[in-house]
Amino acid sequence: MFELVSGSLLLFLCFANIHSLHEDEARCLPEGVHISFGDKVTDVTVIWSTEGNCPPSLEFGQGPWNLTNRAVGETKEFTASAPYGKQYFHRIILKNLESDKTYFYRAFGDDVSRGPFFFKTPRSGYDWSPEFLVYGDLGVESDAVPALGTEALSGRYTAILHVGNIVYNMQDEDGKQNSTSHNTTDQELCKQGGHSFLHTIEDFSARVQYLTAPGNHGIDGVGFDRYRHMFSTPGTPWPIPLNKMWYSIDVGPVHFISYSTEVFFMSDGQYIVEQTNWLKADLKQANDNRARRPWVIALGHHPQYCSNSPGDDCTKSDSKVRAGLEDIFYNYGVDVVLQSHEHAYERLWPQYKGVVLSKNYSNPQAPVQLISGAAGGKRGDDPENGHKEEWSAFANANDSLNSIGKLKILNSTHLYWEQYDLLTKQVIDSVMIVQQNHGPFKQQTLSSEINNKIVKVQEKEKEQITETKKKPSSTDAGDSGKTGTGSSSKSEGTGQKIKELLNRVDRKVVIGVGSGAGALLLLIVIIIVVKKRKSSKTKKYRRWDDKVDYGRKFYSSYNHVDNGDKDTDDFEVEVGDNQSASSKLLMEDRK
């Protein structure tokens with residue numbers, strides 16, 4: 001009897017140890033493996049996450065059974081907005097690989113591995129024809145993901161360009177949707193703290209270089225924390241700094257620029273100047289190298305112009321994105337601008353300041369703007385505006401859902417674009433862009449008729465700027481540009497508003513100088529009020545004043561929306577010293 005009990009106990013302990021071992025292995029299993037370019041196309045960056053703090057390494061080589069090379073990497077602990085436990089992101093950079101070669105690799109967390117995966121490095125030099133898949137606003141619910149994977153793994157594409165809004169939202173369910181097994185329980189999903197989106201696209205994102213631009217749904221309530229950890233971009237530290245969410249990379253005959261439109265909607269625009277300076281310097285260098293690398297293509301989330309229903313930034317005459325980028329892209333000769341955000345497809349005629357320069361694409365005299373934000377998700381498509389502007393060459397919202405863009409650089413002068421329906425396998429739209437005069441666009445080369453139209457628009461813009469400076473600034477919380485980071489559409493920054501407020505106070509003082517007693521009385525009142533506020537030990541939340549920006553705002557998407565829809569509404573949040581946040585519902589933008 002004793003022997004039977006002992007044997008049973010030993011068997012139980014054995015199974016317990018095996019179960020414990022399996023749990024330990026699961027904590028180290030690489031999840032959401034995906035790759036991107038390093039500082040150059042012969043460098044490949046591999047990123048994944050694990051539940052446990054497991055040393056990352058890679059085995060790689062030029063054959064699936066010949067992984068003779070080994071590389072180690074770095075680990076970053078991720079705790080922001082992760083109530084179900086810690087999560088760890090890992091990054092390894094494979095440098096100076098041979099060009100035009102296929103590599104196989106296995107990702108290791110400690111001794112637990114995933115793979116083998118594979119990727120191909122691009123060709124060297126400038127005289128070849130890279131192809132790219134282009135899309136934005138892809139959610140895990142998209143019906144097109146399987147077809148997208150099949151297309152991506154066709155062997156044709158050099159890279160995938162995801163132009164913002166990666167899953168809806170990155171913080172949904174606290175990022176607990178990832179799975180290491182089809183049999184994983186909901187509770188285990190919660191513990192893993194992964195991201196279902198990366199798990200969904202892993203089949204192709206682990207094999208084709210995946211380049212990104214930030215979108216408004218990457219904010220995740222803190223400051224793009226998940227986006228900055230989940231992805232690595234060329235030429236930037238990792239995690240990606242908030243003041244460096246832009247980069248450039250050379251691929252064959254193309255100089256790509258990925259920029260952040262979110263700087264115009266977050267943190268009172270404090271990163272706008274940094275990005276602007278970087279853009280100008282980078283584009284100047286690109287123009288100096290145009291003889292060898294003629295094409296300059298920019299990708300960013302929010303469009304400058306669009307034909308969708310009013311309310312979005314791209315539909316407004318005082319568009320923030322347009323004001324910040326249009327002149328730069330024109331003056332430095334950006335050939336093509338790839339955008340998304342609108343859940344639709346649209347192609348614009350070459351135009352500047354809303355003035356159409358030509359109704360063809362033969363040596364366009366302004367950037368060609370394309371919007372491809374219809375890859376699919378639970379939000380469906382965006383309706384078109386009933387009024388079609390002259391600059392809209394082709395717009396399709398209703399029939400463009402589950403479609404993506406295909407971009408092929410044929411040679412130094414010809415570029416082919418098409419919008420492709422993944423489900424019907426039909427081409428929605430296509431265009432050949434011929435550019436024999438790469439370089440900065442110049443207004444003086446335009447016809448006098450067109451130039452006069454542009455001059456009138458520019459004069460009107462100057463008048464609006466002058467009027468804005470004369471008028472008291474106000475905070476309009478209604479427009480967040482469909483972004484969780486958005487500030488008001490009329491906001492000019494805390495510093496500027498404070499200056500205007502002080503100027504108004506100064507004018508009152510000057511007017512009262514002649515009646516000295518009035519001025520003295522005004523100063524006494526101000527001092528009393530200031531002292532009273534400083535001495536107050538209890539700080540209360542304030543209703544937003546429409547005249548003053550208190551400098552304590554940020555925008556966020558919350559998960560605890562009363563109606564149960566986690567993604568429908570954005571909130572305006574005020575944070576004071578030693579205070580928790582209060583929120584104010586924003587009703588206008590809901591993408």
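Owing to the predicted nature of the structure, the values given are computational and were not obtained by experimental measurement. Counting begins at 1 with the first residue of the sequence.
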**Q** Within the structure provided, determine whether Glu418 and Ile428 are in side-chain contact (heavy-atom separation under 4.5 Å).
**A**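 The answer is no; the side chains never approach within 4.5 Å.
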**Q** Sequence neighbours left out, what passes salt bridge (Lys or Arg N to Asp or Glu O under 4.0 Å) with Lys40? Give chain and number order.
**A**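 In terms of salt bridge (Lys or Arg N to Asp or Glu O under 4.0 Å), with neighbours along the sequence ignored, Lys40 is linked to Asp43.
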**Q** Out of Leu325, Leu348, Val337, which one pairs with Pro367 under the side chain to side chain contact (heavy atoms under 4.5 Å, CB included) rule?
**A**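 Exactly one option meets the side chain to side chain contact (heavy atoms under 4.5 Å, CB included) with Pro367, and it is Val337.
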**Q** Please round to the nearest 0.5 Å and tell me the distance separating atom CD of Gln275 and atom CD1 of Ile272.
**A**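 Separation between the atoms: 8.5 Å.
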**Q** Any side-chain heavy atom of Pro350 within less than 4.5 Å of one from Tyr361?
**A**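 Heavy-atom side-chain distance check passes, below 4.5 Å.
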**Q** Return the set of residues passing side-chain hydrogen bond (donor to acceptor under 3.5 Å, both in side chains) with Trp391 (not counting sequence neighbours), or none when no residue passes.
**A**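 Applying side-chain hydrogen bond (donor to acceptor under 3.5 Å, both in side chains) to Trp391 gives none.
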**Q** Looking at side-chain heavy atoms only, is the closest gap between Ile257 and Ile297 below 4.5 Å?
**A**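 Answer no - side chains too far apart.
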**Q** Quick one: do the Ser362 and Asn360 side chains pair a donor with an acceptor below 3.5 Å?
**A**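 No.
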**Q** To the nearest 0.5 Å, what is the distance between OH (Tyr416) and NZ (Lys406)?
**A**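 That separation rounds to 8.5 Å.
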**Q** Which pair of non-hydrogen atoms, one from Ala286 and one from Val296, has the smallest distance, and what is that distance?
**A**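 Heavy-atom minimum between the residues: CB-CG2, 4.2 Å.
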**Q** Looking only at heavy atoms, what is the nearest atom pair of Ala159 and Phe37, with distance?
**A**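 Where Ala159 meets Phe37 most closely, the heavy atoms are CB-CE1, 4.0 Å.
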**Q** Are the side chains of Leu407 and Leu415 in contact, using a 4.5 Å heavy-atom criterion?
**A**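 A side-chain contact under 4.5 Å exists here.
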**Q** Hey, does the side chain of Gln339 reach the backbone of Ser372 with a donor-acceptor pair shorter than 3.5 angstrom?
**A**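 Here the side-chain-to-backbone pair does not exist.
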**Q** Please enumerate all residues that pass side-chain hydrogen bond (donor to acceptor under 3.5 Å, both in side chains) together with Thr233, with sequence neighbours excluded.
**A**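 For Thr233, the residues satisfying side-chain hydrogen bond (donor to acceptor under 3.5 Å, both in side chains) (neighbours in sequence not counted) are Thr236.
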**Q** Looking at Phe264, does the NZ or CZ of Lys320 lie under 6.0 angstrom from its six-membered ring centre and within 45 degrees of the ring axis?
**A**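 Judged by the rule (NZ or CZ under 6.0 Å from the ring centre, within 45° of its axis), Lys320 is not positioned above Phe264.
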**Q** The test is side-chain contact (heavy atoms from CB on, under 4.5 Å); show your working for Trp417 and Val134 and say whether it passes.
**A** CA-CA 10 Å; Trp417 166 271; Val134 181; 4.0 Å; yes
**Q** Using the side-chain hydrogen bond (donor to acceptor under 3.5 Å, both in side chains) criterion, which residues pair with Glu389? Sequence neighbours excluded.
**A**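 With sequence neighbours excluded, Glu389 shows a side-chain hydrogen bond (donor to acceptor under 3.5 Å, both in side chains) to no residue whatsoever.
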**Q** If I compare all heavy atoms of Arg228 with all of Ile240, which pair ends up nearest, and what's the gap?
**A**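 Residues Arg228 and Ile240, closest heavy atoms: CD-O, 2.7 Å.
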**Q** Would you say the side chains of Ser319 and Tyr305 form a donor-acceptor pair under 3.5 Å?
**A**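 Ser319 vs Tyr305: no donor-acceptor pair found between side chains.
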**Q** Under the salt bridge (Lys or Arg N to Asp or Glu O under 4.0 Å) test, which residues partner Glu131, sequence neighbours left out?
**A**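 For Glu131 the salt bridge (Lys or Arg N to Asp or Glu O under 4.0 Å) partners, ignoring immediate neighbours, are Arg156, Lys408.
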**Q** Between Tyr227 and Pro214, what is the shortest heavy-atom contact and its length?
**A**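 Heavy atoms only, the tightest pair is OH-N, 3.5 Å.
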**Q** Which atom pair, heavy atoms only, marks the closest approach of Gly136 to His162?
**A**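 For Gly136 versus His162, the nearest heavy atoms are CA-CD2, 4.0 Å.
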**Q** Check whether any side-chain N or O of Asp39 sits under 3.5 Å from a backbone N or O of Gly235 as a donor-acceptor pair, and report yes or no.
**A**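 Yes, Asp39 side chain to Gly235 backbone: donor-acceptor pair under 3.5 Å.
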**Q** At what distance, to the nearest 0.5 angstrom, does CD1 of Ile371 lie from NE2 of His302?
**A**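 Atom-to-atom, Ile371:CD1 and His302:NE2 are 12.0 Å apart.
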**Q** More than 12 non-hydrogen atoms from neighbouring residues, nucleotides or ligands closer than 6.0 Å to CD on Gln285, yes or no?
**A**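 It does not: Gln285 CD has 12 such atoms or fewer within range.
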**Q** Answer yes or no: is there a donor N or O on one side and an acceptor on the other, between the side chain of Ser129 and the main chain of Leu410, under 3.5 Å?
**A**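 Side chain of Ser129 to backbone of Leu410: a pair is present.
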**Q** Please identify each residue that fulfils side-chain hydrogen bond (donor to acceptor under 3.5 Å, both in side chains) with Asp335, with sequence neighbours left out.
**A**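 Asp335 satisfies side-chain hydrogen bond (donor to acceptor under 3.5 Å, both in side chains) with Arg290, His438 once adjacent residues are dropped.
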**Q** Is it true that Tyr126 and Arg293 share a donor-acceptor pair across their side chains at a distance under 3.5 Å?
**A**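 Result is no, nothing qualifies.
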**Q** Give the intermediate values and the outcome of side-chain contact (heavy atoms from CB on, under 4.5 Å) for residues Lys453 and Val457.
**A** CA-CA 6 Å; Lys453 290 181 180 179; Val457 176; 5.8 Å; no
**Q** Distance check, rounded to the nearest 0.5 Å: Glu461 atom CD versus Asp318 atom CG?
**A**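 Glu461 atom CD to Asp318 atom CG measures 10.5 Å (nearest 0.5 Å).
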**Q** Under 4.5 Å between any side-chain heavy atoms of Pro130 and Pro253, yes or no?
**A**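 The answer is yes; the side chains approach within 4.5 Å.
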**Q** Assess the residue pair Thr445 and Gln365 against the criterion (side-chain contact (heavy atoms from CB on, under 4.5 Å)); give the C-alpha distance rounded to whole Å, side-chain angles, the decisive distance to 0.1 Å, and a yes or no.
**A** CA-CA 9 Å; Thr445 63; Gln365 294 178 286; 3.6 Å; yes
**Q** Using modelled atom types and a 3.5 Å cut-off, is there a donor and acceptor pairing between side-chain atoms of Ser392 and backbone atoms of Cys306?
**A**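 No, the answer is negative, given that no donor and acceptor are paired below the 3.5 Å cut-off.
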**Q** Determine whether Trp295 and His255 make a side-chain contact, defined as any pair of heavy atoms from C-beta on separated by less than 4.5 Å.
**A**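 Answer no - side chains too far apart.
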**Q** Keeping the roles fixed (side chain from Ser340, backbone from Val163), state whether a donor-acceptor pair exists under 3.5 Å.
**A**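 Judged by distance alone, yes, a pair lies under 3.5 Å.
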**Q** Applying side chain to side chain donor-acceptor pair (under 3.5 Å), run through Gln443 and Asn451 and close with a yes or a no.
**A** CA-CA 7 Å; Gln443 204 170 322; Asn451 197 43; 3.0 Å; yes
**Q** Do Tyr332 and Asn287 have side-chain atoms, one donor and one acceptor, less than 3.5 Å apart?
**A**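 Short answer, no.
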**Q** Please examine the side chains of Ser260 and Tyr271, heavy atoms only from C-beta on, and report whether any two atoms are closer than 4.5 Å.
**A**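 Contact flag for Tyr271/Ser260 side chains = no.
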**Q** Going by atom types alone, do Gln419 and Ser403 pair a side-chain donor with an acceptor below 3.5 Å?
**A**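 Short answer, yes.
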**Q** What I want to check is whether the side chains of His301 and Asn216 have a donor and an acceptor closer together than 3.5 Å.
**A**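 Result is yes, a qualifying pair exists.
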**Q** Is Asn363 reaching over with its side chain to a backbone N or O of Gln436, donor-acceptor style, under 3.5 angstrom?
**A**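 Checked: pair present.
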**Q** At their closest point, which heavy atom of Asn437 faces which heavy atom of Gln435, and how far apart are they?
**A**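 Nearest pair, atom of Asn437 first, then Gln435: N-OE1, 3.0 Å.
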**Q** Drop me the distance from Ile404's CD1 to Leu133's CG, to the nearest 0.5 angstrom.
**A**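 Rounded to the nearest 0.5 Å, the CD1-CG separation comes to 4.5 Å.
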**Q** Would you compute the distance between atom CD of Glu346 and atom NZ of Lys388 and round it to the nearest 0.5 angstrom?
**A**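 One gets 8.0 Å once the value is rounded to the nearest 0.5 Å.
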**Q** Would you confirm whether Arg322, through its side chain, and Cys314, through its main-chain N or O, come within 3.5 Å as a donor-acceptor pair?
**A**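 Between the backbone of Cys314 and the side chain of Arg322 there is a qualifying donor-acceptor contact (under 3.5 Å).
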**Q** Only one of Asn396, Asp399, Asp429 clears side chain to side chain donor-acceptor pair (under 3.5 Å) with Tyr345; which?
**A**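 By the side chain to side chain donor-acceptor pair (under 3.5 Å) criterion, Tyr345 pairs with just one of Asn396, Asp399, Asp429: Asp429.
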**Q** Between Lys353 and Asp327 (salt bridge meaning N to carboxylate O under 4.0 Å), is one present in this structure?
**A**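 Salt bridge: yes.
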**Q** Apply the test side-chain contact (heavy atoms from CB on, under 4.5 Å) to residues Asn165 and Leu138: give CA-CA distance (whole Å), side-chain angles for both, the deciding distance (0.1 Å), then the verdict.
**A** CA-CA 7 Å; Asn165 276 13; Leu138 177 68; over 6 Å; no
**Q** If we only count heavy atoms from C-beta on, is the Phe132 to Phe256 side-chain gap below 4.5 Å?
**A**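 Sidechains of Phe256 and Phe132: in contact.
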